[in-house]
Structures are given as C-alpha cells and as structure tokens.
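So that the names make sense, note that chain A is the first sequence line, chain B the second, and so on, each numbered from 1. All values below were derived from every heavy atom in this structure, side-chain atoms included, with hydrogens, water molecules and symmetry-related copies excluded.
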Amino acid sequence: MIVIDFETTGLSPAYGDRATEIAAVRVEDGRIVDRYQSLMNPQRSIPSFITQLTGITNAMVRKAPPAAQVMAEVADFVGDQPLVAHNASFDSKFWDSELNRIGRCRQQPFVCSMLIARRVLPQAPSYKLGVLVDFAGLPRAARAHRALADAEMAAELICHLQRELMQRFQLAQVSHDLLQAIQRRPKSQLDACVRRLIAAQCAAA
DNA sequence: TGCCAGGCCCTCTTTAGGGCCTT
C-alpha cells in the first residue's frame, strides 16, 4: 500500500485551493521500502499563514515543476496500490481534484489512519498525526507539515495500528481490505466486526 | 490578502450543535 500526504494552499479544492507538495511512500511488510516527493507549482499564491505552517514559500513553488507533471509521476509511482492518508477525507479530495485536472481518475480506495486510530487507540489524548506518533512511541520526523515527513509518520502510524490489530486478534497480517472494512464501524462493534470478517475470509479460503 | 470545507464523533442527541482533523 501507499501512504500519501499533500501540502496545499488551503482546505478546499472546490474553492480553488491547489496542491503545493506531495509525498508518497510505499509500505511492504510493515516497513517503508520506497519514496516519492516533489514540490509542484500550484499556479496561485500561497497564503502567508500556510507558509508559516509549512515553510513552503511562493518562491519555492514558482521554481517547482508544473502540478500536471508531478501528478503524472506520482500517479505512476502509486499505480493501482491501495492508498492510506491521515484524515483521508482531506487528501482524497486533493488527490481526486489534481488527478482529474490531468484527465486521470482514482480506481483504488483510501484508508484513513485517523479513523483506524480512533478505534484501535481509544485512549489517545488526540488524533493529530504528531500526537499519535508520540503516543505510540514511534520515530518523529524532523520537519512536520512537510509532505515527506508527514507521509513517513503516517506510514509508521498505520504499520503500528496493523501490529496492534495483529496482536489483539492473533493475526499473521492485517490487509488494507480489513482496515477499509473497519474504519467506519462503531467502536463498540470493532471486536465483533473483525472476528466476523476474519471468519468470512477463512470460510472463503 | 484573507476568506472559503466537510466528514466524523460525542453528547447536555437523534426534529442538533459543536469540536476535531487536514492545509
């Protein structure tokens, strides 16, 4: 699976916001095995408070490759692998919007590491990416709010959540399909839901 | 330049409201 993270000019592509940076990390067997990262030219200005948050300036993206070129490259890097993002409702909007601009569309589903964390780590003090990484004792990336650092932290988090589920339910692996199936189930039904899904998979095998 | 969203989830709820999370 591939974990992605966007930096953008704002919160909503429907209101004209564009991506300024994307990172994608490939995860296999619980570890990061490959990375893609690039700034991109959004063809609009970045608000100052976004620059304060991310460190990405108008001068940086002015020199960056066009969004169309970057999105074509990252879409090829991702291929048909299933996707993960932290608060995926945000990244999926920009992924779909930027892909549509180059005449491509997403085929695969997203899993949201925030929704999974809410179910697997109900005792966490908050579900911000950095807080969850600290709470789980995972390595903290050097520069938060840059795409590659955040994608790597989200990748470490989803691997941790998979390990937690493997341990809790004595599983050899936790697939993207299983994560997708449980991410919107009520917390109170998590145990019963996972056991039912595992039984169904065993019966089908 | 600064504004813009929207789905999830809890509760003093369900004929609703508001905080969280992403940039």
Side-chain angles (χ1 to χ4, degrees), chain A residues 2-25 37-62 64 67 70-71 74 78 83-101 106 109-136 138 140-158 160-161 179-191 193:
Chain A
I2 306 276
V3 184
I4 69 161
D5 187 80
F6 276 107
E7 304 306 320
T8 71
T9 63
L11 293 174
S12 176
Y15 280 75
D17 287 317
R18 297 292 307 275
T20 57
E21 185 180 45
I22 187 167
V25 300
Q37 177 273 329
S38 181
L39 289 166
M40 63 183 99
N41 189 332
Q43 298 288 329
R44 61 160 294 175
S45 65
I46 303 171
S48 59
F49 74 94
I50 298 276
T51 293
Q52 288 178 356
L53 178 71
T54 64
I56 298 172
T57 66
N58 285 306
M60 289 164 67
V61 296
R62 203 174 297 126
V70 174
M71 288 307 300
V74 72
V78 168
L83 289 162
V84 176
H86 195 70
N87 197 10
S89 67
F90 173 83
D91 290 278
S92 62
K93 278 189 304 189
F94 280 94
W95 180 258
D96 291 346
S97 172
E98 295 291 347
L99 274 191
N100 287 340
R101 285 174 173 272
R106 170 168 62 94
F110 266 93
V111 153
C112 176
S113 55
M114 187 178 74
L115 294 182
I116 301 294
R118 280 180 175 158
R119 285 152 180 80
V120 176
L121 304 175
Q123 68 279 38
S126 129
Y127 293 93
K128 290 180 181 174
L129 180 58
V131 172
L132 285 167
V133 163
D134 289 343
F135 179 74
L138 300 169
R140 188 77 185 250
R143 178 66 169 95
H145 297 299
R146 285 299 298 265
L148 184 58
D150 284 2
E152 288 182 341
M153 286 198 293
E156 295 290 348
L157 175 62
I158 198 71
H160 174 80
L161 296 170
L179 295 173
Q180 197 191 341
I182 66 173
Q183 68 180 344
R184 287 188 172 79
R185 299 296 177 116
K187 283 181 192 173
S188 60
Q189 297 174 16
L190 182 63
D191 278 31
C193 174

*Tell me the salt bridge (charged side-chain N to carboxylate O under 4.0 Å, His left out) pairs involving residues 121-133 of chain A, sequence neighbours left out?*
none
_Does anything in residues 6-23 of chain A form a salt bridge (charged side-chain N to carboxylate O under 4.0 Å, His left out)? List the pairs, not counting sequence neighbours._
A/D17-A/R44, A/R18-A/E98, A/E21-A/R146
_Which label fits A/W95 and A/F110: parallel for a plane angle under 30°, tilted from 30 to 60°, or perpendicular past 60°?_
perpendicular
Could you tell me whether [X] contacts a base, only the sugar-phosphate backbone, or nothing, with contacts defined as non-hydrogen atoms closer than 4.0 Å?
| X | result |
| --- | --- |
| A/D17 | base |
| A/R146 | nothing |
| A/R185 | nothing |
| A/F6 | sugar-phosphate |
| A/T20 | nothing |

Mind checking the [atom1] distance from [N] to [M]? Whole angstroms is fine.
| N | M | atom1 | result |
| --- | --- | --- | --- |
| B/dT13 | B/dC21 | P | 23 Å |
| B/dC10 | B/dC4 | C1' | 26 Å |
| B/dT23 | B/dA5 | C1' | 11 Å |
| B/dG7 | B/dC3 | P | 23 Å |
| B/dC8 | B/dC12 | P | 22 Å |
| B/dT14 | B/dG18 | C1' | 15 Å |

Presence of [X] side-chain N/O under 4.0 Å of [N] phosphate oxygens OP1/OP2:
| X | N | value |
| --- | --- | --- |
| A/S126 | B/dC21 | yes |
| A/H86 | B/dC21 | no |
| A/R118 | B/dC8 | no |

*Between A/S12 and A/K187, which is nearer to the 5' end of DNA chain B once each is assigned its nearest nucleotide?*
A/S12
*Identify, between A/Q183 and A/L129, the residue whose nearest nucleotide on DNA chain B lies closer to the 5' end.*
A/Q183
Quick check: do [X] and [Y] have side-chain heavy atoms less than 4.5 Å from each other?
| X | Y | value |
| --- | --- | --- |
| A/D150 | A/H86 | no |
| A/V133 | A/E156 | no |
| A/V25 | A/D5 | no |
| A/M71 | A/L99 | yes |
| A/S45 | A/T9 | no |

Return the nearest nucleotide to the side chain of [X]; candidates are [options].
| X | options | answer |
| --- | --- | --- |
| A/L11 | B/dC3, B/dA5, B/dC21 | B/dA5 |
| A/S48 | B/dC8, B/dT23, B/dG2 | B/dG2 |
| A/R119 | B/dC9, B/dT23, B/dT1 | B/dC9 |
| A/R44 | B/dG6, B/dT22, B/dG2 | B/dG2 |
| A/P47 | B/dC3, B/dT23, B/dT22 | B/dC3 |

What's the [atom1]-[atom2] distance between [X] and [N], to the nearest Å?
| X | N | atom1 | atom2 | value |
| --- | --- | --- | --- | --- |
| A/F90 | B/dC8 | CZ | P | 16 Å |
| A/F94 | B/dT22 | CZ | P | 14 Å |
| A/L53 | B/dC21 | CG | P | 15 Å |
| A/K93 | B/dT23 | NZ | C1' | 10 Å |
| A/Y127 | B/dC8 | OH | P | 16 Å |
| A/R18 | B/dT23 | CZ | P | 18 Å |
| A/M114 | B/dT23 | CE | C1' | 14 Å |
| A/D91 | B/dT23 | CG | C1' | 9 Å |

Pull out every protein N or O sitting under 3.5 Å from an N or O of nucleotides 11-14 of chain B, one pair per line with the distance.
none

*Of all heavy-atom pairs between A/I4 and A/A24, which one has the smallest distance, and what is that distance?*
CG2-CB, 4.0 Å
